[in-house]
There are 2 protein chains.
Amino acid sequence: MARQASYDREAVLKRALELFWAKGYHATSLKDLEVALDMRPGSIYAAFGSKEALYGETLRLYAQMSQAGFEEMLAKAPTRLAGLAAHVRALGCVAPNSVPSRACMLVKTLLETPDDDPVLRQLTEDMMRKIEVGFANIYRAARAAGEIPETADPERLASRLQIEIFGLRAYAQRTDSGARVAALADDIARDIESLAIPKPATAPTTAH
Amino acid sequence: MARQASYDREAVLKRALELFWAKGYHATSLKDLEVALDMRPGSIYAAFGSKEALYGETLRLYAQMSQAGFEEMLAKAPTRLAGLAAHVRALGCVAPNSVPSRACMLVKTLLETPDDDPVLRQLTEDMMRKIEVGFANIYRAARAAGEIPETADPERLASRLQIEIFGLRAYAQRTDSGARVAALADDIARDIESLAIPKPATAPTTAH
DNA sequence: GATATTTTTGAGCGATCACTCAAATTCATT
DNA sequence: AATGAATTTGAGTGATCGCTCAAAAATATC
């Protein structure tokens, strides 16, 4: 046995994530990374292999952290539908300075990566697809639980939700007004909630 | 007087637009531009000043072309609301190969440009704001014409529409299935149309 | 303390970046 | 045809790009 690495890999990845998320892939240079990670090029390449691979790892970390936050929000909500609405509202309330960018890093990556970078492109599409499937599963469960009508199409609703989130977060990057974004997120959340089948007041299933 | 430039400036800008729209700002090199424009660096710089300035001009051309297409669509529609819905449906039907990217170039620019490039950033935000104001004006006119309820908020609806379009077009870049995107665009269009006040069948204003 | 194994370092690689400019070329005017 | 003002050319600028690797430093074992 011998020397052990002096850095905390997860902490390093978080710092790389901040930088990449804020500046994008192409605009982030290795010099930037050397400063942010406080590592010399040799160490960076020994640990991660390439700039592209490092970016990929930060993307995975991003998706994983986002997913964790989303699931926490969902667990706290009284119904699945309320959970989805709460998620959208939460996205509308992010403080601009608490985060490297208000836009979704996956969308930033997708739009910055034409067909010429198949690795990152595929990775991004896969992650997006996974999130969408997760949404669909929640809608499906909500339908099975009688929260939304039998006629609802989970896949379609999931795609639509992803569209709203993509759009909302891109819009949030556009404007200075946090209040405006929050109001728009609320509009979207309300539309989600409007799918709900109104609960009978007291009686369990049938009208009295 | 003397020699006149041998290229058609507008045609050159269109070729630059295709390249920038497809690859993004940072990923497009001057070598790429030299090939696409069939111009040598000196000529490019004599004509446009810098890569950034050239990108700005292509952005302007993009916005202008998009606006023209939108207005044409609006003019053909029976009502303002129908025009907006038709615009969304049209965005859902774009053939992937007919266009450098299905995503909006303004959004791509916004997400690729952190605060460090104030020129392009400001230009992009201004153009987006202008489009949004245009949407709001249309909604306002629709309200004045009795197409939508008096209680409708044009600015809010305009922001929401921009969000849906941002999201839809980013989503379109994500997926291979044109049919799916078209279906989602139709969902969004239907939501827009659902704002409409149902027209009385035959009588002009009052019930008979 | 000596050894073995690993990590860290940072000068420097070739390639490419956005860009410049003096010279060659072109063409409306004379 | 000669002139003169403009455009076009492309070799070349210094800077920076992502990345390499031999040497130095560090530490778990013996």
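In what follows, chains are A, B, ... by sequence order, proteins preceding strands, each numbered from 1.
Residue contacts for B:Tyr7: at a heavy-atom cut-off of 4.0 Å it reaches the sugar-phosphate backbone alone, with no base atom in range.
The stretch residues 24-46 of chain B touches DNA chain D through B:Arg40, B:Pro41, B:Gly42, B:Ser43, each having a heavy atom under 4.0 angstrom from the strand. For the segment residues 8-22 of chain B, the set of residues with a heavy atom within less than 4.0 Å of an atom of DNA chain D is empty.
Taking B:Tyr45 as the reference, nothing meets the ring-ring contact (aromatic ring centres under 6.0 Å, His included) condition, with sequence neighbours excluded. Listed by chain and number, the residues in a side chain to side chain contact (heavy atoms under 4.5 Å, CB included) with A:Ala103 are A:Ser101, A:Lys108, A:Gln173, B:Leu111 (sequence neighbours excluded). Scored by the side-chain hydrogen bond (donor to acceptor under 3.5 Å, both in side chains) test, A:Arg15 finds no partners at all (sequence neighbours excluded). Residues forming a ring-ring contact (aromatic ring centres under 6.0 Å, His included) with B:Phe20 (at least two apart in sequence, or on another chain): B:Tyr55.
Among residues at least two apart or in separate chains, there is no ring pair (Phe, Tyr, Trp, His ring centres under 6.0 Å) pair with a member in residues 99-121 of chain B. Pairs of residues two or more places apart, or lying in two chains, that qualify as ring pair (Phe, Tyr, Trp, His ring centres under 6.0 Å) and include a residue from residues 58-98 of chain A are A:Trp21-A:Tyr62, A:Phe70-A:His87, A:Phe70-A:Phe135. Sorted by first and then second residue, the ring pair (Phe, Tyr, Trp, His ring centres under 6.0 Å) pairs with a member in residues 175-197 of chain B form an empty list; sequence neighbours excluded.
For the pair A:Arg40 (side chain) and A:Asp38 (backbone), a donor-acceptor distance under 3.5 Å is present.
Comparing D:dG18, D:dA28, C:dA18 by their closest approach to the side chain of A:Lys51 singles out D:dG18.
A:Gln4 places its CD atom 15 Å from the C1' atom of D:dA25, with the value rounded to the nearest Å.
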